[in-house]
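Order of the sequence lines fixes the chain letters, A, B, ..., with proteins taken first and strands second; residue numbering starts at 1 for each chain.
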Number of protein chains: 2
Amino acid sequence: MWRIGTGGCIVKKEMSFEALELIASRFKVLAEPMRLKLLHELSSGERSVTELIEATGASQANVSKHLGILLEAGLVKRRKDKLNAYYSIADESVFKLCEVVCGSLAEHLETKRKLVG
Amino acid sequence: MWRIGTGGCIVKKEMSFEALELIASRFKVLAEPMRLKLLHELSSGERSVTELIEATGASQANVSKHLGILLEAGLVKRRKDKLNAYYSIADESVFKLCEVVCGSLAEHLETKRKLVG
DNA sequence: TTATTATATAGTAATAAAGTCAAATATCAA
DNA sequence: TTGATATTTGACTTTATTACTATATAATAA
């Protein structure tokens with residue numbers, strides 16, 4: 001995508017629905033707070049599943065499932081050592097995305113605050 | 001968020017779950033291909049609902065509903081003129097987000113292609 | 001081998017979201 | 001006022017997603 005904008009990105013006249021579905025599915029992966037928490041935790045370095053369970057307070061099965069989703073999406077990578085599985089960030093772009101969202105949200109909330117009071 | 005990375009963003013040690021939910025909800029808005037299609041359509045300028053119905057091929061009620069979600073999220077703005085409602089982009093950050101996702105996806109798919117064949 | 005630990009997966013119930021149809025609202029014209 | 005057009009909203013159905021529980025797998029130790 002999408003247009004000439006900040007960062008000099010490319011204009012595309014047509015955008016296939018398949019492409020849009022692909023992009024949407026990436027956003028969907030990031031659309032869960034628990035997965036964001038996992039990514040946030042991993043932002044400071046590799047963690048074992050056990051460590052992530054402790055850090056998030058979520059159940060073991062839940063953490064494992066979310067990690068599977070992040071892995072499938074290519075956002076994290078997995079390393080097995082003895083009994084443990086260690087996860088780490090595989091795609092730094094997630095931080096860029098969150099940064100952009102944070103900026104936009106701050107502005108949006110500020111606007112709303114001004115309007116609503 | 002989130003860490004020192006490309007673009008010089010801020011490290012935050014702690015990230016409240018509320019903040020993560022807020023970020024996730026923004027991603028959720030973008031996690032539907034039809035909404036992305038609407039945004040893509042609007043990227044070249046203001047459109048009436050009727051025009052968006054034609055452009056997307058979705059039903060009128062469906063388009064209206066998605067537009068409502070985008071509006072609520074502050075991504076688009078609405079202008080009423082006579083019988084028509086005109087929508088336009090209110091938050092250019094969505095294009096930045098899609099640009100980042102596109103870049104990341106291209107890389108991810110390329111990697112997968114190399115591995116799987 | 002059996003037991004133990006770490007992780008993943010299957011089945012399931014509750015929740016949420018998308019899409020459809022019909023009805024409601026709003027604006028304008030006759 | 002009545003009728004037509006543009007858009008929104010509500011009720012409903014279908015489909016997805018989450019999180020839970022229990023079970024399965026995998027690696028190691030005894």
Side-chain angles (χ1 to χ4, degrees), chain A residues 17-18 20-42 45-90, chain B residues 17-18 20-42 46-88 90:
Chain A
F17 203 72
E18 290 76 42
L20 294 172
E21 281 178 322
L22 210 56
I23 299 172
S25 71
R26 164 61 52 94
F27 282 127
K28 193 169 289 179
V29 172
L30 297 172
E32 284 306 313
M34 186 56 71
R35 288 198 283 273
L36 294 181
K37 189 157 187 177
L38 287 167
L39 291 170
H40 178 57
E41 201 57 32
L42 294 175
E46 187 184 69
R47 295 281 188 283
S48 72
V49 176
T50 304
E51 288 171 320
L52 291 171
I53 291 164
E54 285 165 8
T56 58
S59 75
Q60 183 268 323
N62 202 11
V63 167
S64 183
K65 207 165 265 188
H66 283 306
L67 286 171
I69 291 168
L70 292 170
L71 186 65
E72 170 70 20
L75 298 183
V76 302
K77 51 178 182 272
R78 198 183 104 114
R79 179 175 73 82
K80 195 78 190 291
D81 184 54
K82 313 220 171 179
L83 275 182
N84 306 290
Y86 294 93
Y87 286 84
S88 56
I89 297 295
Chain B
F17 203 72
E18 290 77 42
L20 294 173
E21 282 177 320
L22 210 54
I23 299 172
S25 71
R26 164 59 55 92
F27 283 127
K28 193 169 289 179
V29 172
L30 297 172
E32 284 306 313
M34 186 57 71
R35 288 199 282 273
L36 293 182
K37 188 157 188 178
L38 288 167
L39 291 169
H40 178 57
E41 201 56 33
L42 293 176
E46 187 184 69
R47 295 282 188 282
S48 72
V49 176
T50 304
E51 289 171 320
L52 291 171
I53 291 164
E54 286 165 7
T56 58
S59 76
Q60 184 268 329
N62 201 12
V63 168
S64 183
K65 225 163 250 190
H66 282 306
L67 287 170
I69 291 168
L70 292 170
L71 187 66
E72 170 69 21
L75 298 184
V76 302
K77 50 177 182 276
R78 198 182 102 114
R79 179 174 71 84
K80 195 75 190 291
D81 184 53
K82 314 219 172 178
L83 275 181
N84 305 290
Y86 294 92
Y87 285 84
S88 56

Indicate whether OP1 or OP2 belonging to [N] is found under 4.0 Å from a side-chain N or O atom of [X].
{"X": "A:N84", "N": "C:dT7", "answer": "yes"}
{"X": "A:Y87", "N": "C:dA8", "answer": "yes"}
{"X": "B:H66", "N": "C:dA17", "answer": "no"}
{"X": "A:R35", "N": "D:dT18", "answer": "yes"}
{"X": "A:K28", "N": "D:dT17", "answer": "yes"}

Checklist entry - Would you say the base of C:dA18 and the side-chain of B:E32 have a donor-acceptor pair closer than 3.5 Å? => result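 No, the side chain and the base share no sub-3.5 Å donor-acceptor pair.
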Checklist entry - Quick one: CG on B:L39 to CG on B:L70, what's the gap to the nearest 0.5 Å? => result 5.0 Å
Report which part of the nucleic acid [X] touches: base, sugar-phosphate, or nothing (heavy-atom distance under 4.0 Å, all strands).
{"X": "B:A85", "answer": "sugar-phosphate"}
{"X": "B:T50", "answer": "sugar-phosphate"}
{"X": "B:S59", "answer": "sugar-phosphate"}

Checklist entry - So which one's nearest nucleotide on DNA chain D is more toward 5', A:K82 or A:Q60? => result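 It is A:Q60, whose closest nucleotide lies nearer the 5' terminus.
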Checklist entry - Pick the nucleotide of DNA chain D nearest each of A:A58 and A:L83; which residue has the one closer to the 5' end? => result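 That would be A:A58.
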Checklist entry - Just wondering, do B:K37 and B:E32 contact through their side chains at under 4.5 Å, heavy atoms? => result no
Next on the checklist: If I take atom CG in residue B:L52 and atom P in nucleotide D:dT7, what distance separates them, rounded to the nearest angstrom?
Outcome noted: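 Between P of D:dT7 and CG of B:L52: 9 Å.
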Checklist entry - Can you check the A:K65 NZ to C:dA6 P distance for me, whole Å? => result 21 Å
Checklist entry - Out of C:dT9, D:dT18, D:dT9, which has the shortest distance to the side chain of A:I69? => result D:dT18
